[in-house]
J.: 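Dumping the structure here so I can ask a few things about it.
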Amino acid sequence: MDSFLPSPDCDTISKTYNGQIDSHLVQKTNERYREILPNLPRGKGWMTEHLVQYQGVWLTPNAALKGLMWVQGHFKPRSTDIFLASFPKTGTTWLKALTFATINRTRYGFADHPLLTTVPHGCLPFLEACPNDLDGFPSPRLLSTHIPYTLLPNSMTVNQSCRFVYICRDPKDVLVSKWLFMNKLRPKELAPISLEEAFELFCQGISHYGPYWDHVLGYWKASLETPEQVLFLKYEELRGEPSVVVKRLGEFLGHPFSLEEESKGVVEEIVKLCSFENLSNLGVNKSSVLKLSTQIIVDNRHFLRKGKVGDGKSYLTDEMIKRINEITSEKLLGSGLVFDS
Ligand code: PAP
């Protein structure tokens with residue numbers, strides 16, 4: 001990375017898509033959005049009142065849908081772009097921190113690293129959130145996205161040699177993490193969503209960027225077909241052997257760790273800097289807020305809740321666990337992908 005470019009806050013994002021930051025392409029996206037919105041299928045929302053289904057994926061109306069439409073219609077990828085891709089609550093925050101620290105490791109010392117004073121979400125932006133800014137970003141651009149692989153334009157996946165790092169997580173932990181997070185963000189005038197309701201919606205695929213299993217499988221298949229372009233990671237592997245995964249990450253991104261770096265413990269320093277224990281104790285992550293819209297402001301500490309593998313099971317009934325495991329086995333059958341539980 002040539003420079004450290006903090007992401008725009010989400011207020012900028014919502015202004016962008018509401019047309020307050022003017023641009024011809026954003027306006028075109030907004031017009032198309034208004035045309036299609038009334039005819040899209042609707043499902044119950046977790047944070048907003050409802051979600052809409054577009055090209056098979058469930059999205060919040062407004063920012064997420066407009067973001068996807070803008071990416072599909074107008075985004076100009078560069079062959080050097082790197083995308084951190086994920087379904088929400090699978091480890092995005094952690095992956096952002098690790099990748100940022102890995103790519104910039106010769107640039108910043110660990111004692112005064114930007115991650116000590118900037119939240120991981122502030123270190124690199126969401127692709128679908130900042131159409132006006134991206135052209136001015138120096139290469140290689142490091143961006144994140146929640147967009148499913150199958151919905152990305154060919155200009156990103158076929159015509160260019162962009163690289164993707166995808167992180168997935170056991171669906172039970174994703175569901176519970178998401179349910180707790182979304183209820184914190186849900187406006188007071190909407191009744192909280194119960195775990196039973198969230199479970200049903202998740203199983204039916206009705207959750208942001210869902211169905212979850214389709215999201216995972218899209219990137220999984222791409223990682224098998226073009227391993228040089230898509231690195232597929234699991235949250236659980238990262239929790240188990242973080243140093244091994246960080247070395248793979250460095251290698252994949254074209255920044256392999258040298259023997260000298262390894263012997264000096266640089267990999268372990270990165271792991272320590274980005275660890276749940278370290279990040280969740282930093283003032284910036286404990287006390288700052290991220291503005292998702294004029295109404296929704298989220299405490300950054302909610303992005304670092306427990307960081308445990310298997311925590312979902314302590315919230316779900318045996319019956320729920322059985323059902324979600326069955327859906328997972330059925331959906332992943334023949335793909336070669338398994339979640340250990
Ligand atoms: P996002 O999609 O809203 O950005 P994301 O970062 O993908 O969320 O996921 C949040 C989960 O990752 C939280 O899981 P939990 O609710 O089960 O606790 C969060 O605690 C966990 N997480 C965030 N940062 C780290 C980290 N450094 N190490 C381990 N887990 C982390």
Side-chain angles (χ1 to χ4, degrees), residues 1-33 54-55 57 59-60 62-86 88 92-93 95-97 99-100 102-104 107 114 118-167 208-209 219 222 229-231 253-255 290-293:
M1 293 262 297
D2 294 318
S3 64
F4 166 47
L5 293 158
S7 75
D9 70 11
C10 296
D11 206 26
T12 313
I13 295 158
S14 87
K15 277 189 210 142
T16 303
Y17 285 113
N18 288 324
Q20 292 167 32
I21 294 173
D22 210 344
S23 125
H24 174 59
L25 297 181
V26 169
Q27 266 179 22
K28 269 174 83 170
T29 304
N30 285 344
E31 278 162 26
R32 177 85 188 112
Y33 169 81
Y54 179 72
Q55 299 180 348
V57 66
L59 300 161
T60 44
N62 213 4
L65 175 53
K66 286 178 185 171
L68 169 60
M69 291 171 68
W70 176 81
V71 169
Q72 290 183 333
H74 307 295
F75 174 58
K76 291 189 197 71
R78 298 179 194 156
S79 59
T80 48
D81 286 343
I82 297 164
F83 300 98
L84 307 183
S86 61
T92 321
T93 311
L95 184 62
K96 280 189 175 189
T99 310
F100 181 80
T102 298
I103 287 190
N104 289 300
R107 201 156 168 218
T118 309
V119 298
H121 282 290
C123 289
L124 61 112
F126 271 101
L127 160 70
E128 49 271 37
C130 47
N132 284 304
D133 296 336
L134 293 176
D135 287 347
F137 273 41
S139 298
R141 294 182 297 191
L142 183 55
L143 303 164
S144 68
T145 185
H146 284 321
I147 297 177
Y149 188 82
T150 48
L151 263 56
L152 292 171
N154 278 352
S155 56
M156 287 174 73
T157 55
V158 181
N159 309 344
Q160 304 262 4
S161 54
C162 302
R163 270 169 296 179
F164 295 84
V165 180
Y166 185 72
I167 186 155
H208 308 77
Y209 299 93
Y219 281 94
Q229 270 183 263
V230 185
L231 177 67
L253 295 174
H255 293 258
L290 192 67
K291 230 174 164 185
L292 291 178
S293 71

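Here the structure is a predicted model, which is why all the values come from computation and not from measurement.
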J.: Within this structure, what is the CG-CG distance for the pair Leu124 and Leu143, rounded to the nearest 0.5 Å?
T.: 7.5 Å
J.: Would you compute the distance between atom NZ of Lys66 and atom OH of Tyr54 and round it to the nearest 0.5 angstrom?
T.: 13.5 Å
J.: Is there a donor-acceptor pair closer than 3.5 Å between any side-chain N or O of Arg78 and the backbone N or O of Asp135?
T.: yes
J.: Which pair of non-hydrogen atoms, one from Thr93 and one from Pro120, has the smallest distance, and what is that distance?
T.: O-CB, 3.5 Å
J.: Taking Gln229 for its side chain and Ser161 for its backbone only, find out whether a donor-acceptor pair lies under 3.5 Å.
T.: no
J.: Taking the six-membered ring for Trp, are Tyr166 and Tyr219 parallel (under 30°), tilted (30 to 60°) or perpendicular (over 60°)?
T.: parallel
J.: Taking the side chain as C-beta and beyond, is there a heavy-atom pair between Tyr33 and Asn62 under 4.5 Å?
T.: yes
J.: When Phe164 is tested against each of Thr157, Ile82, Asp81 for side chain to side chain contact (heavy atoms under 4.5 Å, CB included), which residue passes?
T.: Thr157
J.: Judged by atom type as modelled, is there a donor-acceptor pair below 3.5 Å linking the side chain of Arg141 to the main-chain atoms of Leu134?
T.: yes
J.: Using ring pair (Phe, Tyr, Trp, His ring centres under 6.0 Å) as the criterion, list what pairs up with Tyr209, not counting sequence neighbours.
T.: His146
J.: Distance from Leu95 atom CG to Ile167 atom CD1, nearest 0.5 Å?
T.: 5.5 Å
J.: Working to the nearest 0.5 angstrom, can you tell me the gap between Glu128 CD and Leu65 CG?
T.: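 Atom-to-atom, Glu128:CD and Leu65:CG are 11.5 Å apart.
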J.: So, taking the atom named CE in Met156 and the one named CD in Gln72, what distance separates them when rounded to the nearest 0.5 Å?
T.: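 Here the rounded value is 10.5 Å.
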J.: Looking only at non-hydrogen atoms, find the nearest pair between Leu142 and Pro125 and report the distance.
T.: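 Heavy-atom minimum between the residues: O-CD, 3.8 Å.
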J.: Testing the basics here: between Pro153 and Val71, what is the closest heavy-atom pair and its distance to 0.1 Å?
T.: CG-O, 3.7 Å
J.: Contact between Cys162 and Phe83 at the side-chain level, heavy atoms closer than 4.5 Å - yes or no?
T.: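 Cys162 reaches Phe83 side chain to side chain.
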J.: Start with the C-alpha distance between Phe126 and Lys96, add both sets of side-chain angles, then the distance that settles side chain to side chain contact (heavy atoms under 4.5 Å, CB included), and finish with yes or no.
T.: CA-CA 10 Å; Phe126 271 101; Lys96 280 189 175 189; 3.4 Å; yes
J.: Drop me the distance from Ser155's OG to His74's NE2, to the nearest 0.5 angstrom.
T.: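 Ser155 atom OG to His74 atom NE2 measures 12.0 Å (nearest 0.5 Å).
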J.: My understanding is that only one of Ile147, Thr29, Leu127, Thr145 makes a side chain to side chain contact (heavy atoms under 4.5 Å, CB included) with Leu68; could you say which?
T.: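 That would be Ile147.
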J.: Evaluate the criterion side chain to side chain contact (heavy atoms under 4.5 Å, CB included) for residue pair Val165 and Leu253; output intermediate values, then yes/no.
T.: CA-CA 9 Å; Val165 180; Leu253 295 174; 4.1 Å; yes
